[in-house]
Amino acid sequence: MQPGGVPDPVGSPGPSGRGSYWITTFGCQMNKADSERMAGILEAMGYREAPAELEADLVLYNTCTIRDNAEQKVYSYLGRQAQRKRANPNLTLVVAGCVAQQEGEALLRRVPELDLVMGPQHANRLGTLLERVEQGQQVVATDEHHILEDITTARRDSRVCAWVNVIYGCNERCTYCVVPSVRGKEQSRLPQAIRLEMDGLAELGYREITLLGQNIDAYGRDLPGITPEGRRAHTLTDLLYHVHEVEGIERLRFATSHPRYFTERLIDACADLPKVCEHFHIPFQSGDDDVLRAMARGYTVDRYRRIIDRIRSRMPDAAISADVIVAFPGESDAQYRRTLALIEEIGFDQVNTAAYSPRPGTPAADWPEQLEESVKVERLQELNALVERVARLRSARYQDRLEQVLVEGGNPRDPEQVMGRTRTNRLTFFPARRPDGTAIVPGDLVEVRIDTVRSFSLSGSLV
Ligand code: SAH
Ligand code: SF4
Ligand code: F3S
């Protein structure tokens, strides 16, 4: 926008005439958060958002390689842009994120039209890297890098809910997972930096913050300091207490939790701190102890059960979600059935499901006992049907209940409605006007009477 609020024509060059950009983000919340920071950097450089991907002067794909199909998707997108670049040499093509880190130079050989290949640890350096591209270089930035605090303001998609990274990387060695090799070693941000970012978000009017880390329970273990009682000075629990004070922020969430490190102290803090929402995303991956051991997850099914019991004893209505993998190498039918049984037993509100996909450089990819594609498809289908059924049973408890909902925006399918989430993270739709006719706007916290329940969403009306 120009001063005075007159919008610029979309796609016109920015203040320094750098043209327009387009970012497509694949993968997890980490990538989404990185994309928002990279968009902020591009805008600070004078780029503005393009009206459409095929009109952009700079296209950035922030990529994911968690499973083979995620990786392949990027190559098909890139083929189209490479063709465009042959007709328009001024187009700047950037591949960021986890495929970039995994492939590095090899990506340039595969797609010579690329200008910049940059791993996730380099996201905050996008500006510097692009300056080298402008000088005519083809740049690959995938070396291990200490992540510096970003000084530009992220360009966030939501004006109500924001992500805040608290720890980058992952030091676990789950035998199926590429994340440690593409995201590098754990790097915690200092509590002061996190708090500062959250103060700024509160001032901008944000109401909900999700603290992010691939293994968020590891927060602080790379920071120095011991308390007088001999504990680590910096833990996720301490961080929650520290950021809970930020005025204006009404809700706090965090993800992803690892059952190996999830502590009773953390559960107690969540129960005691009113802003921390009653939703826990704790992947269990398999319901069988031998499979868990082969995955090197470092816990048993029983330990997982005890965590959930403890959460429910302190917060009886808490929503529990998880990730699970089926058809891991060597997984027998009986072992797979234990995963199904655990989903029924726990009663998950939501489960992200996947069939095992061998990933380059991970131990399990080389094991001989890989399962047939047909087994993967069959197990995944049966699993998804069960997840839906269990979620529907869990949703039933909301019928006729009064729920606090934080409004995030309009219902994309119905202009007369708005959408938001309950504290337990259920998507909820309801009419966009109060009974007195006043409009409901994003950021409002309202009480909704639930009248319709579905597996993964609710509808209701204002009281
Ligand atoms: N840090 C989180 C998850 C990160 S990856 C954790 O420890 O749980 C997100 C999810 O992708 C994982 O939970 C897992 O369920 C799935 N996933 C990871 N690698 C996979 C693979 N090789 N094949 C299939 N699913 C995989
Ligand atoms: Fe991957 Fe395991 Fe780290 Fe999660 S904890 S990101 S599954 S290695
Ligand atoms: Fe994908 Fe990288 Fe996230 S591989 S799931 S985008 S950490």
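In this chain, residues are counted from 1 in sequence order. Atoms within a ligand are numbered from 1 in the order they appear, just like the ligands themselves.
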Pro274 side chain near His244 side chain, heavy-atom distance below 4.5 Å: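 They are in contact (side-chain heavy atoms under 4.5 Å apart), so the answer is yes.
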Flag side-chain contact, heavy atom, 4.5 Å: Asn215 against Ile167: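 Counting from C-beta outward, Asn215 and Ile167 never come under 4.5 Å.
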For ligand 1, the residues whose heavy atoms come within less than 4.0 Å (ordered by chain, then number):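 Within 4.0 Å of ligand 1, the protein residues are Ile66, Arg67, Tyr176, Gln214, Thr256, Pro283, Gln285, Arg297, Asp323, Ile325, Ala354, Ala355, Tyr356, Ser357, Arg359.
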Backbone N or O of [Y] within a donor-acceptor pair of the [X] side chain at under 3.5 Å?
X      : Y      : answer
Lys376 : Tyr356 : yes
Asp289 : Thr300 : no
Lys275 : Val246 : yes
Arg207 : Gly443 : yes

Heavy-atom pair with the smallest gap, counting every atom of Val99 and Val74: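 Looking at all heavy atoms of both residues, the shortest contact is CG2-CG2, 4.3 Å.
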Heavy-atom pair with the smallest gap, counting every atom of Asn124 and Leu148: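 Nearest pair, atom of Asn124 first, then Leu148: ND2-O, 2.8 Å.
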Whether Phe284 and Tyr304 hold their rings parallel, tilted or perpendicular, with breakpoints at 30° and 60°: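 It falls in the tilted class, 30° to 60°.
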Parallel, tilted or perpendicular: rings of His281 and His279 (30°, 60°):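 Plane angle between 30° and 60°, so tilted.
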Protein residue, atom and distance nearest to [atom], heavy-atom basis:
atom                    : result
atom 7 (S) of ligand 2  : Tyr176 OH, 3.3 Å
atom 6 (S) of ligand 3  : Asn31 ND2, 3.3 Å
atom 1 (Fe) of ligand 3 : Cys64 SG, 2.4 Å
atom 3 (Fe) of ligand 3 : Cys28 SG, 2.3 Å
atom 4 (S) of ligand 3  : Thr65 N, 3.3 Å

Proximal protein heteroatoms (N, O or S) of atom 2 (Fe) of ligand 2, under 2.8 Å: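 N, O, S partners closer than 2.8 Å: Cys174 SG.
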Any Met30 heavy atom less than 4.0 Å to ligand 3: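 It does not, in that no heavy atom of Met30 comes within the 4.0 Å cut-off of ligand 3.
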Heavy-atom gap Gln214 to ligand 3 smaller than 4.0 Å: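 It does; at least one heavy atom falls under 4.0 Å.
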Cys98 backbone or side-chain N/O/S under 2.8 Å from atom 2 (Fe) of ligand 3: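 Yes, within the cut-off.
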Separation of Arg305 CZ from Ile307 CD1 (nearest 0.5 Å):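 So the CD1 of Ile307 and the CZ of Arg305 are separated by 12.0 Å.
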Face-on cation placement of Arg189 at Tyr168 ring, 6.0 Å and 45° thresholds: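 No cation-pi geometry.
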Side-chain ion pair, Asp309 and Arg306, N-O less than 4.0 Å: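 Salt bridge between Asp309 and Arg306, a charged N being under 4.0 Å from a carboxylate O: no.
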